> 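Mind looking over this structure? Questions follow.
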Amino acid sequence: ASVDIYDANLDVVVPGGAMTMARRNFAAAPLADGTMLIAGGYDASGKALASTEIYDPNTGQSVAGPDMSQARAELRAHALPNNGSVLLFGGTNGQDMLTSSDVFTPWTGKIKASAAMRNPRLGAASSLLRKGGVIVAGGRNNSGFLSGAELYAFATVATDKADYQPGDVATLTGSGWKPGEQVLLVVSAQPLDQHQTEFTAAPVADSAGNIT
């Protein structure tokens, strides 16, 4: 269950505390607040786990997170850019290869089931695309090795700049929404200050699923 942290500035590895339990063949993904989501894997007895935990590298401590919809080890995880969620998919429950996926939403602290893959895939390669997608390719299922690929698409919202001066106008754009869908945007400043939010109406996605 121990954690090591590589310090790139000093080129050294230092102790980083511990997880809540020993895990192998788990998945991990960074969250926006600097913590890490650690999900699934096998426990010390070889049982596949549905549990997750949130590890804080600043304190070296980990706390229990929400359970996935099912136990999964040898899974894949991606933090979805301009979306804020973490996609957890594939792997095995210890007996069967899985097509299912889950999404962790940090601001709700919950995990819910998401779209399933077309094929169970173990040992697949996956990569984030530049705009609103995760491509999953290869791997194997019960019949052998797979040559095909599939795409998981997700909705995005992004600002036109990383930071703003007082009085600047922030333009928000998004993609991956359903055509004609009305999108509710809730904007808050941290810490609370005098920023103004002036949405005359919730944006409606165009025929390509984009909002501005």
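All residue numbers refer to positions in the sequence shown, counting from 1. Please read all numbers here as calculations on a predicted model, not as lab measurements.
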> Identify, with sequence neighbours excluded, every residue that meets side chain to side chain donor-acceptor pair (under 3.5 Å) alongside Lys178.
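In terms of side chain to side chain donor-acceptor pair (under 3.5 Å), with neighbours along the sequence ignored, Lys178 is linked to no residue.
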> Minimum heavy-atom separation for Ala124 and Gly138, please, with both atom names.
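The pair with the smallest heavy-atom distance is CB-O, 3.7 Å.
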> Please answer: with hydrophobic residues joined when any side-chain heavy atoms are less than 4.5 Å apart, are Leu122 and Leu75 in the same cluster?
no
> If you compare all heavy atoms of Pro81 against all heavy atoms of Phe154, which two are closest, and at what distance to 0.1 Å?
O-CE1, 3.5 Å
> Would you find a donor on one side and an acceptor on the other, under 3.5 Å apart, between the side chain of Arg72 and the backbone of Ser100?
yes
> Heavy atoms, side chains only, cut-off 4.5 Å: are Met117 and Tyr152 in contact?
no
> State, yes or no, whether a side-chain contact exists between Leu98 and Gln70 at a heavy-atom distance under 4.5 Å.
yes
> List the steps, then state whether side-chain contact (heavy atoms from CB on, under 4.5 Å) holds for Leu80 with Leu128.
CA-CA 8 Å; Leu80 305 181; Leu128 284 166; 4.2 Å; yes
> Does the side chain of Ser62 pick up a donor-acceptor pair with the side chain of Thr20 at under 3.5 Å?
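Absent: no donor and acceptor within the cut-off.
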> For the pair Asp102 (side chain) and Ile111 (backbone), establish whether a donor and an acceptor sit closer than 3.5 Å, ignoring hydrogens and angles.
no
> If you look at every heavy atom in Thr52 and Ala39, which pair is closest and at what distance?
CG2-CB, 3.8 Å
> Show the numbers, then the answer: is there a side-chain contact (heavy atoms from CB on, under 4.5 Å) between Trp177 and Val157?
CA-CA 10 Å; Trp177 301 91; Val157 174; 3.8 Å; yes
> Less than 4.5 Å apart, side chain to side chain, heavy atoms only: is that true for Pro203 and Leu185?
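Pro203 reaches Leu185 side chain to side chain.
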> Please tell me whether Leu87 and Leu151 are part of a single hydrophobic cluster in this structure, the criterion being side-chain heavy atoms less than 4.5 Å apart.
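No; tracing contacts between hydrophobic side chains, which count when under 4.5 Å, never links both residues.
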> Please check if atom CZ in Phe145 has more than 12 non-hydrogen atoms from other residues, nucleotides or ligands closer than 6.0 Å.
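No, not enclosed.
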> Any non-hydrogen side-chain atom of Trp107 less than 4.5 Å from a side-chain atom of Ser85?
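When only atoms from C-beta onward are counted, Ser85 and Trp107 do touch, with a gap below 4.5 Å.
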> Atom CG in Leu129, atom CD1 in Ile135: separation rounded to 0.5 Å?
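Between Leu129 CG and Ile135 CD1, I get 6.0 Å after rounding to 0.5 Å.
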> Tell me whether Met19 shares a hydrophobic cluster with Val14, the cluster being built from Ile, Leu, Val, Met, Phe, Trp, Tyr side chains joined at under 4.5 Å.
yes
> First locate atom OG1 of Thr156, then atom CG of Asn210, and finally report the distance between them rounded to the nearest 0.5 Å.
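Here the rounded value is 8.0 Å.
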> State yes or no: do Val136 and Val103 share one hydrophobic cluster built from I, L, V, M, F, W and Y residues joined by side-chain heavy-atom distances below 4.5 Å, directly or via other members?
yes
> Is there a path of hydrophobic side-chain contacts, each under 4.5 Å between heavy atoms of I/L/V/M/F/W/Y residues, joining Val63 to Phe104?
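In one cluster with Phe104: Val63, yes.
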> Go through it in stages, so that I can follow the logic: the residues are Arg76 and Val134, the test is side-chain contact (heavy atoms from CB on, under 4.5 Å), and I'd like the CA-CA distance, side-chain angles, deciding distance and then a yes or no.
CA-CA 11 Å; Arg76 304 286 295 175; Val134 176; over 6 Å; no
> Backbone N or O of Thr35 within a donor-acceptor pair of the Asp56 side chain at under 3.5 Å?
no
> Hey, does Tyr55 have a side-chain heavy atom less than 4.5 Å from the side chain of Val3?
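Side-chain contact under 4.5 Å: yes.
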> Can you name the closest pair of heavy atoms from Ala149 and Ala137 and give their distance?
CB-CB, 3.9 Å
> Is there a side-chain contact between Ile54 and Leu37 in this structure, where contact means two heavy atoms from C-beta onward sitting under 4.5 Å apart?
yes
> Ignoring hydrogens, what is the shortest heavy-atom contact between Ala116 and Ser101? Give both atom names and the distance.
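Taking every non-hydrogen atom into account, N-OG, 4.5 Å.
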> What pair of heavy atoms forms the shortest contact from Ala71 to Ala48, and how long is it?
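Answer, listing the atom of Ala71 first, then Ala48: CB-O, 3.6 Å.
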> We want to know whether Ser126 and Arg121 form a side-chain donor-acceptor pair, criterion being a heavy-atom distance below 3.5 angstrom.
no
> Does Val169 have any side-chain contact (heavy atoms from CB on, under 4.5 Å) partners at least two apart in sequence or in another chain, and if so, which?
none
> Does the Thr92 side chain pair with the main chain of Ala73, one donor and one acceptor, at a distance under 3.5 Å?
no
> Flag the pair Thr212 / Thr171 as yes when at least one side-chain heavy-atom distance between them is below 4.5 Å, and no otherwise.
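Result yes, sub-4.5 Å side-chain heavy-atom pair found.
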> Can you find a pair of side-chain heavy atoms, one from Glu74 and one from Tyr42, that are under 4.5 Å apart?
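The answer is yes; the side chains approach within 4.5 Å.
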> What residues form a salt bridge (charged side-chain N to carboxylate O under 4.0 Å, His left out) with Arg23, not counting sequence neighbours?
Glu53
